[in-house]
Amino acid sequence: MAIDIDTARKVAKLARIRVDEADLPKLAGQLSGILGFMEQLNEVDVTGVEPMTSVTPMRLKRRADVVTDGNQQAAVLKNAPDAREGFFAVPKVVE
Amino acid sequence: MSANTWTIAAARDALRKGEITAVDLTMSCLTAIDAGDGLNAFVHKTPDIALDQARAADVRLAAGDAPAMCGIPLGIKDLFCTKGVPSQAASNILKGFRPEYESTVTARLFGAGAVMLGKLNMDEFAMGSSNETSCYGDVVNPWKVDGRKLTPGGSSGGSASAVAADLCIAATGTDTGGSIRQPAAFTGIVGIKPTYGRVSRWGIVAFASSLDQAGPMTKTVRDAAIMLGAMCGHDAKDSTSADIPVPDFEAALTGDIRGKVIGIPREYRMDGMPDEIEALWQKGIAMLRDAGAVVRDISLPHTKYALPAYYVIAPAEASSNLARYDGVRYGHRAKLSAGDGITEMYEKTRAEGFGPEVQRRVMVGTYVLSAGFYDAYYNRARKVRALIKRDFETVFADGVDAILTPATPSAAFGLGEMSNADPIEMYLNDIFTVTVNLAGLPGIAVPVGLDRQGLPLGLQLIGRPWDEAGLLNHAHVLEKAAGFVAKPDKWW
């Protein structure tokens, strides 16, 4: 399926990656190529096949519902580009 | 021979006998690393940590009950989080990130006394097959046959180059679609991807969580067995980590594969495959047959669809995993203009921080997961994945013990030679390796010969789930029969 420039712009927006208008045609072409390659999957008869959800069939382990970790505010904030007064700081979200 | 050229097994024995100290062994690697900057394999050197760990290892060795990995100097792929040491998955978006925690794999290795020499270059977020997508620049393969600089493969290209050039005794790698096995084959070393769930993924920067596994990259199969043993085991912090016993992999190297059934899948004979690859494969078949194995032609009918299924599933999982790089909690945040809100912060940060291949895969993943296309692409790919896994289950149920295939469709190519190629052409490098990740199986690349130009070529063995022990034994037989001892001439 061919990706047009509008679709490429929309995908970039959904992925939260800024793409310059001038770069959209090239991106659309590359995405079209990759998706075209995936079209081969339509040749396969998948009738009655369940989508694979876990690589190795296993039951997830359970554990007691207790706190095992925490009280690490300084470590959690250590790598933040902008941390203030014990919080992550971001540009204004709500007007 | 200088100690940095030793294997893990040789170094372990020498350390235990007191023929060398861990400090001297580490110094010899640190010297080789400083002389190896031309390869661009080590991107963050940690000599102070290495010497501290080596001194501690010497104390343990002197006390007499040191584990096999005690005092062994390793390179660590940049994908592993190492406490207080830059861990940025070769991406600008994690520039400056120093984790406050240690990955389970590195914690286990260091707990066993291993020494960290530094962090190794790789493709950005492990997305690539030539180590040309790294924010640190290309890694160079120590093998060279003409004026060209060659790729070491990817994504664990720094690990492969460092081990092949004897900058370290061994290295960690990770493998999502072939990222341990393809670079191992391109550099004439051994690399094993274990069964999904054998090694904890906790603290390893995630690419595609249902496909990622870490494994050792080593000079010999015996070394792979020793190091894998130290990396494995159940970890409560990874819910997909298997709670099953870890066998003594080294003890499994009996060299006896008489009566074992080796499957040769006809679908791996690709159109346009170079004669040399076919000849190498035939040579490997003859070696295993001579060792007493029973060789049987098998069919894995959905092989052809593995690559397109992989390139739906891996980007889908990546787009979800990489959503965390938003400029808020760690790593890079773009400089904002007046009036920019949080959406602009996300978009600018991710455009500046991710390289082109990562951006492309995140967008492909976003597309195949988006409303209206989820069933057509993502669910269909997961159904095809179930069929690929079933192909393997069928042949194993029919008595096949291991499967022999080529590791790569060619020898190492020149850096930059694929720069104008379609992204798909680069993806074809993974054609023999992705099936193994999709089915969650263990796979190992073993160097078997040199091509006409004098570059290493490898074969891949694929094992039954959780049978790394048997797989390593088959690989050990192949390695012995091939007698691959060639080393790159030092030019760097």
Side-chain angles (χ1 to χ4, degrees), chain A residues 1 3 7-8 10-20 23 26-27 29-31 33-56 58 60-61 63 68-69 72 74-83 88-95, chain B residues 96-100 195-197 210 236 239-240 242-243 302 304-305 307-309 311-312 319 326-333 336 340-348 350-351 354 359-360 362-364 366-368 370 377 379-387 389 422-424 427 440 465:
Chain A
M1 176 168 163
I3 301 284
T7 308
K10 188 175 157 221
V11 171
K13 185 81 192 167
L14 283 172
R16 296 290 184 269
I17 297 173
R18 167 155 303 197
V19 178
D20 287 338
D23 294 333
K26 187 181 172 200
L27 175 66
Q30 286 180 335
L31 294 182
I34 295 168
L35 291 165
F37 177 64
M38 294 169 181
E39 298 292 325
Q40 289 178 65
L41 295 177
N42 292 326
E43 298 167 13
V44 185
D45 181 4
V46 292
T47 318
V49 179
E50 283 297 310
M52 191 164 147
T53 47
S54 82
V55 189
T56 310
M58 60 165 84
L60 287 180
K61 283 183 94 77
R63 63 168 176 83
T68 57
D69 204 351
Q72 300 200 41
V76 168
L77 293 173
K78 184 85 182 286
N79 279 288
D82 189 0
F88 295 110
V90 295
K92 196 157 84 172
V93 178
V94 182
E95 287 301 324
Chain B
F97 177 58
R98 289 171 187 260
E100 289 291 302
T195 311
Y196 184 82
S210 78
S239 63
T240 60
D243 193 1
H302 296 90
K304 181 184 165 196
Y305 303 105
L307 214 47
Y311 277 97
V312 173
S319 75
D326 55 7
V328 176
R329 287 154 298 165
Y330 31 68
H332 177 73
R333 177 186 291 190
L336 302 180
D340 278 352
I342 196 156
T343 305
E344 286 79 14
M345 183 192 77
Y346 294 150
E347 290 179 351
K348 288 183 177 178
R350 290 161 65 80
F354 292 144
Q359 291 193 18
R360 202 152 44 227
V362 166
M363 287 192 264
V364 166
T366 303
Y367 183 79
V368 300
S370 62
Y377 290 102
N379 261 344
R380 176 166 281 270
R382 289 197 304 154
K383 289 177 185 175
V384 172
R385 184 177 182 185
L387 292 171
K389 184 163 185 263
D422 195 86
I424 308 283
Y427 297 170

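In this text the structure is predicted, and so the values were computed from the model without any measurement.
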Can you measure from [atom1] ([X]) to [atom2] ([Y]) and round to the nearest 0.5 angstrom?
| X | Y | atom1 | atom2 | value |
| --- | --- | --- | --- | --- |
| B:I342 | B:E347 | CD1 | CD | 11.5 Å |
| B:T343 | A:K13 | OG1 | NZ | 6.0 Å |
| A:T47 | B:K383 | OG1 | NZ | 8.5 Å |

Fill in the blank from the handout: chain B shares the most heavy-atom pairs under 4.5 Å, among A:I17, A:V90, A:T56, with A:I17

Fill in the blank from the handout: If you tally heavy-atom pairs under 4.5 Å between each of A:V76, A:L41, A:V11 and chain B, the highest tally belongs to A:L41

Please look at [X] and chain B and tell me whether the side chain, the backbone, both or neither of the residue comes under 4.5 angstrom of a heavy atom of that chain.
| X | result |
| --- | --- |
| A:F88 | side chain |
| A:N42 | both |
| A:Q40 | both |
| A:L27 | side chain |
| A:A89 | backbone |
| A:T53 | both |

Any idea which of [options] has the most non-hydrogen atom pairs under 4.5 angstrom with chain A?
| options | result |
| --- | --- |
| B:V328, B:V312, B:V368 | B:V328 |
| B:R333, B:K348, B:R329, B:R385 | B:R329 |
| B:A236, B:A386, B:G96 | B:A386 |
| B:H302, B:R360, B:H332 | B:R360 |
| B:D243, B:T195, B:D326 | B:D243 |

Practice task
Taking the six-membered ring for Trp and the full ring for Phe, Tyr or His, determine whether the centres of B:Y311 and B:Y427 are under 6.0 Å apart.
Solution key: yes

For [X], is it the side chain, the backbone, both, or neither that has a heavy atom closer than 4.5 Å to a heavy atom of chain A?
| X | result |
| --- | --- |
| B:L336 | side chain |
| B:A381 | both |
| B:S319 | neither |
| B:K304 | both |

Problem - Full working for side chain to side chain contact (heavy atoms under 4.5 Å, CB included) between A:M38 and B:V364 - result: CA-CA 11 Å; A:M38 294 169 181; B:V364 166; 3.5 Å; yes

Exercise for the section: Indicate the ring-plane relationship of B:F97 and B:Y330, choosing parallel, tilted or perpendicular according to the 30° and 60° boundaries. Expected result: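 Geometry flag for B:Y330 against B:F97: tilted rings.
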
Handout entry: Identified side-chain contact (heavy atoms from CB on, under 4.5 Å) counterpart of B:M363 within the set A:V19, A:I3, A:L14
Key =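 Of the listed residues A:V19, A:I3, A:L14, the side-chain contact (heavy atoms from CB on, under 4.5 Å) partner of B:M363 is A:V19.
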
Practice task
May I ask you to check whether over 12 heavy atoms, not counting those of A:E43, lie within 6.0 Å of atom CD?
Solution key: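 Yes, the 6.0 Å shell around CD holds more than 12 heavy atoms from other groups.
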
Handout entry: side chain to side chain contact (heavy atoms under 4.5 Å, CB included) assessment of B:L307 paired with A:F37
Key = CA-CA 9 Å; B:L307 214 47; A:F37 177 64; 4.0 Å; yes

Exercise for the section: Would you check if B:Y196 and B:T240 make a side-chain contact, meaning some heavy-atom pair closer than 4.5 Å? Expected result: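 In contact.
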
Exercise for the section: Could you tell me whether B:E344 and A:R18 have a side-chain N and a carboxylate O separated by less than 4.0 Å? Expected result: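 Salt bridge between B:E344 and A:R18, a charged N being under 4.0 Å from a carboxylate O: no.
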
